[in-house]
Protein chains: 4
Amino acid sequence: MCSAPIPRSRTGRPRSARADAAILEATRAALVELGWSKLTMGDVAGRAGVAKTTLYRRWASKNELVVDAVAVLFDELELPDRGSLTADIEGVVRQFAALLERPETKTALMAVIAESTRDEPLRERIRVSIVERQKRLVLEGRRRAQARGELPTTSGTAPGTDDLIFDVIAGAVVHRALVSAEPVDAEWVRRFTALLLGGLAAAAAQP
Amino acid sequence: MCSAPIPRSRTGRPRSARADAAILEATRAALVELGWSKLTMGDVAGRAGVAKTTLYRRWASKNELVVDAVAVLFDELELPDRGSLTADIEGVVRQFAALLERPETKTALMAVIAESTRDEPLRERIRVSIVERQKRLVLEGRRRAQARGELPTTSGTAPGTDDLIFDVIAGAVVHRALVSAEPVDAEWVRRFTALLLGGLAAAAAQP
Amino acid sequence: MCSAPIPRSRTGRPRSARADAAILEATRAALVELGWSKLTMGDVAGRAGVAKTTLYRRWASKNELVVDAVAVLFDELELPDRGSLTADIEGVVRQFAALLERPETKTALMAVIAESTRDEPLRERIRVSIVERQKRLVLEGRRRAQARGELPTTSGTAPGTDDLIFDVIAGAVVHRALVSAEPVDAEWVRRFTALLLGGLAAAAAQP
Amino acid sequence: MCSAPIPRSRTGRPRSARADAAILEATRAALVELGWSKLTMGDVAGRAGVAKTTLYRRWASKNELVVDAVAVLFDELELPDRGSLTADIEGVVRQFAALLERPETKTALMAVIAESTRDEPLRERIRVSIVERQKRLVLEGRRRAQARGELPTTSGTAPGTDDLIFDVIAGAVVHRALVSAEPVDAEWVRRFTALLLGGLAAAAAQP
DNA sequence: GTTTAACCGAGACGGTACGTCCAGTCTTATT
DNA sequence: AATAAGACTGGACGTACCGTCTCGGTTAAAC
């Protein structure tokens, strides 16, 4: 998760690595306290004990800063082998839901996605920093299920299935948590996973 | 859509109904041209040929105004009887996807949902004006499928199933369209519907 | 002190005389509480228990309203015969100073004069309602002094002398009270009167 | 004239001295064109080619800005030795009258004095920036007249005489020019000076 | 005793300016 | 060349009044 792709010179005083970390941490703290729309660059700079100039030297805009600040949280997502596809899916859904419960994620994720609908570079940054980070879990889960024999091998699977599954899982959880604003509790996870697995099984039976 | 629930007096000059319509129309136009984050109250007022105070007399904030301006678009969603549950689901998915392709919806929907994570009244307004408007389609579709015998009657269905199905459908379509930023084309609709129906059938087989 | 020169019809419901009095009283109260620059038409209307429309039907602007509200205070100025020119002048200076100490006069008088430098109708209104009201005291005082034999008869006096005396008296008192912001106490009145009388005597000696 | 007594830091970008001058110049231009009551901060900022925030960083209010903009004009007042007390007084009266004829002074002076009746800091600013600047001319004139032997030495003069003379001169001229709205022409100056000198002589004769 | 025309209150209307806030840039001196 | 500090331009914010207008209703003189 590079902090900034802005080109750099070799000579002169090097940038403070400490500042980077402090800024991202301050950004998350500000998101928790103020939410996305009331977060200001000046406030973040103040919290980080850094001048505004230092922020702008690293990030071109508030949106990119927030994406980077939040992206690191998605690194926590893991897929330990829980022994069955059902357990793996339930695990990832629970993890993702827990991430969305965090106030910094909740307030920031939808906001930057909204901004990205009119900002191609931002969309790309989100794709790389956040979306792909999640999608790898789906790939890993499928591969593991195939190894276990719970799913047919790739040869018999239509292309784009991973993408479909990803949109269904991430979409359903986000919608439940943020739009419907209902808790993603154990019962919901169980039923959603059952629905998804049933669909996958049916799809596997008749491609 | 009611413009504002603010209590009104009986005396004095009545509010101009024309202004209400002009403002909402101007808001949609501004969303298309500028997107959510660059839309300003002053600009909307200018487009509507109305003073800024007239906007603030009716809507407390940009967010509430945008919700009302966009909400009316969700009234277009319908569920004509297409003869089978498959066809009904595909129809509603296509309609919803088409709505999300509209620039005013695309830029506004995620933004107001993001804001609503820190604004309870806004969340309620969204729930009433937008979410419930969509959810009724799920209820109607299920009732129709039960009448056709495609789904078991309510007695055998767990509570919350409608909500689950709604989150899956709406979530998947939104995620595909706005997060993954991929087209919701016929092929995707077909495969998503198949997945969902397979899951529903499996769930019905073993409650 | 006509309330308003705005042309009127003969028929229809006549204007409420009570409203006029209430508005002027409310204006003075608002001047005392808020001062000239924070006085608003809406506030005056509210205090008077009257609609804003009613104000504007009678006075074209805040300035004219304030002039009328304050002008009536200048009617209190009187020139009882105190037996000598010295006593008469000291009396009028003290009266005028007392008037300028009143908060409504203090805050309003300079303000409307300032406005009148760019508003000919307002200047005329001030001249008629306020300036001429004061000037008559000078005329009366001079006539009385001539009757007493303290001053030579008009035949020996240069034209414009009354105006000069008036500007000196009113100007000095206003400047002392509002610009220098020092009290117009008995000592100052005595010395100022002595100065003025000395000047008048010298002028009379050698026209 | 000092632009602002607000304490300043040592670090950071220093304030632009050019901006200060441009703002004061723009303020005077706006006073001439628009008068005091129609002068707006935004307009001044625009004329000065400066952002509104830059104005507010230096002056807390329109009133203080106008005082500073006008104060510099009072520096022009001088008292060259014209050889006699009469000539000196006539000279200063003419100068002061000429200053009051300038449109920026005419419209601004009474207005800020009016405001100062309810604003102690503003009154102090006016006293320092404007009143004291004028008063020194009276002191200088008296000293010179005493040196010439036209007036008795200080030992025989009551305290506060300078203040009295100042209020009489400034008050009479202001009243003539702004309230009576009559020209301060050579004839008026001659007669006013004669009146004042006569008074002074009489006062000197019998303290 | 009805017209009837002007009044009245209330409050919405189009405007203008306010004073504040923030984005993003620039200018210092310092490290 | 990066840094902290803070001034800079520009522009939107939400509020306050201005003076006008539209309501439903009232009032007293003229018919």
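Quick note on labels: first sequence line is chain A, next is B, and so on, each numbered from 1.
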* Structure fact -> Rounded to the nearest 0.5 angstrom, the CZ-CD1 distance for Arg18(A) and Ile23(A) is 13.5 Å
* May I have the distance from Leu65(C) (atom CG) to dC18(F) (atom P), rounded to whole angstrom? => 11 Å
* Send over the distance from Leu39(A) CG to dC21(E) P, rounded to a whole Å. => 17 Å
* Could you please name the option among dG24(E), dC8(E), dA5(F) that lies closest to any side-chain atom of Ser61(A)? => dG24(E)
* For the pair made of CG in Asp20(C) and P in dC8(E), what is the distance, rounded to whole Å? -> 9 Å
* Asked: To the nearest angstrom, how far is Tyr56(A) atom OH from dA2(F) atom C1'?
  -> 18 Å
* **Side chain Lys52(D) and base dG11(F) donor-acceptor under 3.5 Å** => no
* Find the distance between CG (Asn63(D)) and CZ (Arg123(D)) and round it off to the nearest 0.5 Å. => 13.0 Å
* To do: Send over the distance from Arg18(B) CZ to dA12(E) P, rounded to a whole Å.
  => 19 Å
* Round to a whole Å and report the spacing from CZ of Arg58(B) to P of dG11(E). => 15 Å
* **Geometric cation-pi criterion, Lys62(A) with Trp36(A): 6.0 Å, 45°** => yes
* Look at the side chain of Thr54(B) against the base of dA12(E) and say whether a donor-acceptor pair falls under 3.5 Å; ignore hydrogens and angles. => no
* Report the C-alpha distance between Thr27(C) and Trp59(C) in whole Å, list the side-chain angles of each, state the deciding distance to 0.1 Å, and finish with yes or no for side chain to side chain contact (heavy atoms under 4.5 Å, CB included). => CA-CA 12 Å; Thr27(C) 303; Trp59(C) 290 276; over 6 Å; no
* **Side-chain N,O (Arg15(B)) to OP1/OP2 (dG11(E)) below 4.0 Å** => no
* If each of Thr40(A) and Asp43(D) is mapped to the nucleotide of DNA chain E with the nearest heavy atom, which maps nearer the 5' terminus, i.e. the 5' end? -> Asp43(D)
* **Spacing of Trp59(C) atom CH2 relative to dG19(F) atom P, expressed in whole Å** => 14 Å
* Of Gly42(B) and Gly49(A), whose closest DNA chain F nucleotide lies nearer the 5' terminus? -> Gly49(A)
* **Rounded distance [0.5 Å steps], CG in Leu34(A) versus CZ in Arg118(B)** => 7.0 Å
* Asked: What's the CD1-P distance between Ile23(B) and dA12(E), to the nearest Å?
  -> 13 Å
* Residue closer to the 5' end of DNA chain F, Lys62(B) versus Lys62(C) (nearest nucleotide) -> Lys62(B)
* **Selection from dC8(E), dA4(F), dA7(F) that lies nearest to any side-chain heavy atom of Arg57(C)** => dC8(E)
* **Side-chain-base donor-acceptor pair under 3.5 Å for Arg13(D) and dC8(F)** => no
* Is there a donor and acceptor pair, one atom on the side chain of Thr53(C) and one on the base of dA10(E), closer than 3.5 Å? -> yes
* Using the closest heavy atom to pick a nucleotide of DNA chain E for each, name whichever of Met41(D) or Ala19(B) lands nearer the 5' end. => Ala19(B)
